[in-house]
Every structure is written in C-alpha cells, then in structure tokens.
Amino acid sequence: RKSRGQHHHGCGPVLTMALGLAIMGLAASVGVGLILLIAGFEKLRHRILLPGVIANYRLLPNGLVAPAATILPIAEILIGAALIAGGWPLPVLLAILLLMLFGGAMAINIRRGRTHIDCGCGRPQLRHPIGWSLVGRNAVLATLLVPRLWDAPPLGAMDIATAMVGGVALYLAYLLCNSIGALLALPAAHRR
C-alpha cells in the first residue's frame with residue numbers, strides 16, 4: 001500500500017486529472033477567499049463611501065442601499081474566511097453567486113452606457129471604472145471555483161501547500177491586474 005506522499009506515482013490519468021482539479025479548486029478557494037476577505041475589510045474601512053458606490057449602480061431602490069452597504073462587507077468577510085478555511089460547498093456556492101452578482105451588476109450598467117462608474121472592487125484611492133474586462137475577471141474567478149464543488153481525491157500535505165501558494169499567487173495577480181487597470185483608466189496627466 002502506498003503512503004499518502006506517494007499517491008501521485010503510478011496513478012491513472014483520470015485520478016491525476018481529478019487531483020489536479022482538486023488542487024486548482026483549493027487554490028482558487030484560497031485566492032478568492034483572500035480577495036473577498038480583504039475587499040470586505042476595505043469596504044468596512046471606507047464604509048462612508050460604500051452607499052454611494054452601491055447607489056451609483058442604480059439597481060436597488062433607495063431604501064435598500066443602506067442595508068446592502070451594511071450587509072455586503074460582512075458577507076464578503078464571512079464567505080472569504082470560510083473559503084480560506086476550506087469550507088465547502090456552501091461558501092463556494094455563495095462566492096460564485098456573489099462574483100456573478102457583481103459581474104451582472106457591471107454588465108447591466110455597461111449595457112446602459114454607464115461605464116464611468118467606479119466598480120467598487122478596488123482600493124478607494126484607485127478608482128476603477130467598470131468594463132467588460134472586469135465582468136470577464138469575475139466570470140473567470142467564479143469558474144475557477146467550480147472544481148471545488150465536487151468530491152475530490154484526498155490531498156496530501158504537499159498538495160495542500162501547493163494550493164495555498166497558488167491561492168496567494170492568484171490573489172497577488174488579482175491585485176496587480178486591478179492596479180494596472182485602474183492606472184490605465186487614469187487620464188495621462190495623472191499617471192506621473
């Protein structure tokens with residue numbers, strides 16, 4: 001019988017693929033968990049601005065803007081923490097739903113020609129207008145979480161470590177892309 005550390009050697013292609021998807025799903029869970037957790041804390045830090053950002057989307061009646069601004073950061077923090085802790089399937093489903101909800105809100109406003117509004121997903125000092133690239137980014141993040149929804153083979157310590165590093169790398173790539181996108185959206189005179 002093979003020890004846990006040796007389960008990669010000699011396993012069939014289906015098991016190897018299932019293992020790869022399980023590692024990718026866990027990495028996405030950690031990465032998206034970090035994204036949501038930090039975004040939730042950023043929203044709490046700048047909670048005075050959040051109702052204006054939500055109202056700017058023009059999707060909720062005025063009476064629901066304040067409750068949404070109160071609930072959203074807490075939901076992001078709880079879902080993000082649950083993803084990082086390895087919770088599934090509920091936190092994964094909620095994260096996918098949240099990402100698609102954000103993407104849908106942006107898509108509706110892009111279709112209305114309202115691309116000047118801030119997405120509300122970046123750092124407040126880096127305004128980031130909405131665009132199809134952000135809708136696509138949310139769809140990719142949601143898709144990366146999908147393998148986390150089905151049963152996976154057991155992961156060894158090295159697999160988990162790989163997924164953790166992959167999750168941190170995903171989070172850092174997200175930050176980099178957000179910063180570059182926000183800087184590119186600035187008028188040329190402000191980019192110095």
* Asked: Is there side-chain contact between P73 and L50, with at least one heavy-atom pair below 4.5 Å?
  -> yes
* Heavy-atom distance under 4.5 Å between the side chains of I54 and L64, does that happen here? -> no
* Asked: What's in the same ILVMFWY side-chain cluster as I74, cut-off under 4.5 Å, chained through other members?
  -> L78
* Structure fact -> Contacts satisfying salt bridge (Lys or Arg N to Asp or Glu O under 4.0 Å) that involve residues 66-77 (not counting sequence neighbours) are K43-E76
* To do: Please lay out, stage by stage, how F102 and L134 fare under the test side chain to side chain contact (heavy atoms under 4.5 Å, CB included).
  => CA-CA 9 Å; F102 294 157; L134 294 183; over 6 Å; no
* Heavy-atom count around L176 CG within 6.0 Å, excluding the residue itself: above 12? -> yes
* Please answer whether the main-chain N or O of G25 pairs with a side-chain N or O of S29 as donor and acceptor at a distance below 3.5 Å. => no
* **Verdict with reasoning, M24 to L144, per side chain to side chain contact (heavy atoms under 4.5 Å, CB included)** => CA-CA 7 Å; M24 185 188 85; L144 288 174; 4.2 Å; yes
* To do: Measure the shortest side-chain to side-chain distance between R114 and R58 over non-hydrogen atoms and say whether it is less than 4.5 angstrom.
  => yes
* From CG (L101) to CG (L72), nearest 0.5 Å -> 8.5 Å
* Asked: Taking atom CD1 of I180 and atom CG of L175, what is their separation to the nearest 0.5 Å?
  -> 11.0 Å
* Within the side chain of Y171, is there an N or O that forms a donor-acceptor pair under 3.5 Å with the backbone of G33? -> no
* Structure fact -> Of all heavy-atom pairs linking A69 and P51, the shortest is CB-CG, 3.9 Å
* To do: Indicate the atoms forming the closest heavy-atom contact of A95 with L36, along with that distance.
  => CB-CD1, 4.0 Å
* To do: Starting at CG of L172, measure out to CG of L34 and round the result to the nearest 0.5 Å.
  => 8.5 Å
* Structure fact -> V92 and G87 have their tightest heavy-atom pair at CG2-O, 3.8 Å
* To do: Using the rule that two of Ile, Leu, Val, Met, Phe, Trp, Tyr join whenever any of their side-chain heavy atoms come within less than 4.5 Å, decide whether I71 and I48 are in one cluster.
  => no
* Is there a donor-acceptor pair under 3.5 Å between the side chain of N56 and the backbone N or O of I117? -> no
* Check A105 against L59 and note the closest heavy-atom contact, atom names and distance. => CB-CD1, 3.5 Å
* Taking a hydrophobic cluster as the set of Ile, Leu, Val, Met, Phe, Trp and Tyr residues connected by side-chain heavy atoms closer than 4.5 Å, whether directly or through intermediates, do V140 and L99 fall within one such cluster? -> yes
* Asked: Cluster question for you: counting only ILVMFWY and a side-chain heavy-atom cut-off of under 4.5 Å, with indirect links fine, are I77 and L97 together?
  -> no
* Asked: Should I96 and L149 count as side-chain neighbours, where that means a heavy-atom distance under 4.5 Å?
  -> yes
* Structure fact -> C119 and M106 have their tightest heavy-atom pair at CB-SD, 4.1 Å
* Report the C-alpha distance between L170 and L141 in whole Å, list the side-chain angles of each, state the deciding distance to 0.1 Å, and finish with yes or no for side chain to side chain contact (heavy atoms under 4.5 Å, CB included). => CA-CA 9 Å; L170 176 65; L141 291 173; 4.2 Å; yes
* To do: Quick one: closest heavy-atom pair of A22 and L155, and the distance?
  => CB-CD2, 3.9 Å
* Asked: Within the distance-only criterion (no hydrogens, no angle test), does the side chain of R112 pair as donor or acceptor with the backbone N or O of N109 below 3.5 angstrom?
  -> no
* Asked: Any link between I108 and V135 through a network of hydrophobic side chains (Ile, Leu, Val, Met, Phe, Trp, Tyr) touching at under 4.5 Å?
  -> yes
* Asked: Do V30 and L83 have side chains that get closer than 4.5 Å, going by heavy atoms?
  -> no
* Go through the steps for I79 and L37 under the test side chain to side chain contact (heavy atoms under 4.5 Å, CB included), then give the verdict. => CA-CA 8 Å; I79 295 168; L37 186 69; over 6 Å; no
* Asked: Less than 4.5 Å apart, any side-chain heavy atom of Y174 and any of V32?
  -> no
